[in-house]
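Let me begin by presenting the structure, written as structure tokens, before commenting on it.
If you read the sequence from its start, that first residue is 1, and numbering goes on from there.
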Amino acid sequence: MLDKKVVKLLNQQVNKEFYSAYLYLDFSNLCYDQGLDGFGSWYKVQAQEERDHAMLFMQYLQNNGERPVLKTVDQPAVTPATVKEVLLEGFQHEQYVTSLIHDLYEAAHTVKDFRTMQFLDWFVKEQGEEENNADNLVKKYELFGDDPKSLYMLNSELSARVYAAPSLVL
């Protein structure tokens, strides 16, 4: 039986992950609008990952006898105008999601919910990778983004990203 506060936070995380997917789809649309299909594709894959994260949280709740509570997913709150702003907002958002995972982990630790902590271990690692990827995109853009040829090359590099479903065993 899961602690009520942990269940509440797990359900909130489901909604936050779906929000992240919406946010990244919005970023993808902006990139496509600006003719940067590689950036658009990269964020579309990112949205798929976030959707799958939400599904993993839902499955974990179900596996522990809890019913996931789905709430309305808010429209993205940020409206970046440039690709550079998209990249910066994406990095900040990943830092925010990391803080949510840490809060959830801390709540599970407080009630000695070791099963949930073990489940969250994958997300702690995943968030480290997500922050690193977002930070690297910002750095690459800052190095090359103002040069059209370099931006074209970076756009081409990003278009090579393919979706891979998470390999977390529940």
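Side-chain N or O atoms of Ser41 include none that pairs as donor or acceptor with a backbone N or O of Asp37 at under 3.5 Å. A donor-acceptor distance shorter than 3.5 angstrom exists from the side chain of Arg161 to the backbone of Trp42, with no hydrogens or angles considered. Without hydrogens or angle criteria, Tyr60 side chain to Met55 main chain gives no donor-acceptor distance under 3.5 Å. At distances below 3.5 Å, at least one donor-acceptor pair connects side-chain atoms of Ser99 with backbone N or O atoms of Tyr96. Listed for the Asn64 side chain is no donor-acceptor partner under 3.5 Å among the backbone atoms of Glu66. Remark: side-chain polar atoms of Asn155 are paired, donor with acceptor, to backbone N or O of Phe39 under 3.5 angstrom. Of the possible donor and acceptor atoms, none in the side chain of Gln62 sits under 3.5 Å from a partner among the backbone N and O of Pro68. A donor-acceptor contact shorter than 3.5 Å is absent between the side chain of Ser28 and the backbone of Tyr24. The backbone N or O of Phe91 sits nowhere less than 3.5 Å from a side-chain atom of Asp135 that would complete a donor-acceptor pair.
Side-chain contact check for Phe18 versus Glu50: every heavy-atom pair is 4.5 Å or farther apart. Contact check for Asp113 versus Arg115: side-chain heavy atoms found under the 4.5 Å cut-off. Using a 4.5 Å heavy-atom cutoff, the side chains of Val14 and Leu61 are in contact. Between Val69 and Lys8 there is no side-chain heavy-atom pair separated by less than 4.5 Å. Using a 4.5 Å heavy-atom cutoff, the side chains of Lys125 and Glu130 are not in contact. Side-chain contact check for Lys84 versus Val138: every heavy-atom pair is 4.5 Å or farther apart.
Follow the hydrophobic side-chain contacts under 4.5 Å out from Leu87 and you never reach Met153; the two are in separate clusters. Residues Met1 and Met58 do not share a hydrophobic cluster, clusters being chains of Ile/Leu/Val/Met/Phe/Trp/Tyr side chains in contact below 4.5 Å. Residues Leu9 and Val111 share a single hydrophobic cluster, defined by chaining ILVMFWY side chains whose heavy atoms lie under 4.5 Å apart. Under the 4.5 Å side-chain heavy-atom criterion for Ile, Leu, Val, Met, Phe, Trp and Tyr, Tyr152 and Leu143 are members of distinct hydrophobic clusters. By the rule that hydrophobic residues join a cluster once side-chain heavy atoms approach within less than 4.5 Å of another member, Leu151 and Leu158 end up as members of one cluster.
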Evaluate side-chain contact (heavy atoms from CB on, under 4.5 Å) for Asn11 paired with Gln13, printing each intermediate quantity in order. CA-CA 5 Å; Asn11 271 306; Gln13 194 62 36; over 6 Å; no

Would you please test Val78 and Leu23 for side-chain contact (heavy atoms from CB on, under 4.5 Å) and show each step? CA-CA 8 Å; Val78 295; Leu23 180 68; 3.6 Å; yes

When you look at Tyr43 and Val86, which way does the side-chain contact (heavy atoms from CB on, under 4.5 Å) test go after all the steps? CA-CA 10 Å; Tyr43 276 108; Val86 164; 3.5 Å; yes

Derivation of the side-chain hydrogen bond (donor to acceptor under 3.5 Å, both in side chains) call for Gln127 and Gln95: CA-CA 8 Å; Gln127 279 310 120; Gln95 291 174 317; over 6 Å; no

Show, in sequence, the C-alpha distance, side-chain angles and deciding distance for Tyr105 and Asp121, and conclude whether the side-chain hydrogen bond (donor to acceptor under 3.5 Å, both in side chains) test is met. CA-CA 8 Å; Tyr105 199 97; Asp121 283 342; 3.1 Å; yes

Can you list the steps and then say if Asn15 with Asp74 is a side-chain contact (heavy atoms from CB on, under 4.5 Å)? CA-CA 9 Å; Asn15 190 261; Asp74 293 332; 5.6 Å; no

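Interatomic distance, Asn136 CG to Glu129 CD, rounded to the nearest 0.5 Å: 12.0 Å. One finds the NE2 atom of His93 at 8.5 Å from the NZ atom of Lys16 (value rounded to the nearest 0.5 Å). Note that CG of Asp3 is 13.5 Å distant from NZ of Lys112, once rounded to the nearest 0.5 Å. Residue His53 holds its NE2 atom at 4.0 Å from CD of Glu126, rounded to the nearest 0.5 Å. Distance check, rounded to the nearest 0.5 Å: CZ of Phe119 to CG of Leu10 gives 7.0 Å. A distance of 9.0 Å separates OH of Tyr141 from CG of Leu154, quoted to the nearest 0.5 Å.
Separation of the Phe57 and Phe123 ring centroids falls under the 6.0 Å cut-off.
His102 NE2: more than 12 foreign heavy atoms inside a 6.0 Å radius. Residue Tyr32 qualifies as enclosed at atom OH: its count of foreign heavy atoms under 6.0 Å is above 12.
Pro80 and Leu30 make their closest contact through O-CD1, 2.9 Å (heavy atoms, listed as atom of the first residue, atom of the second, distance).
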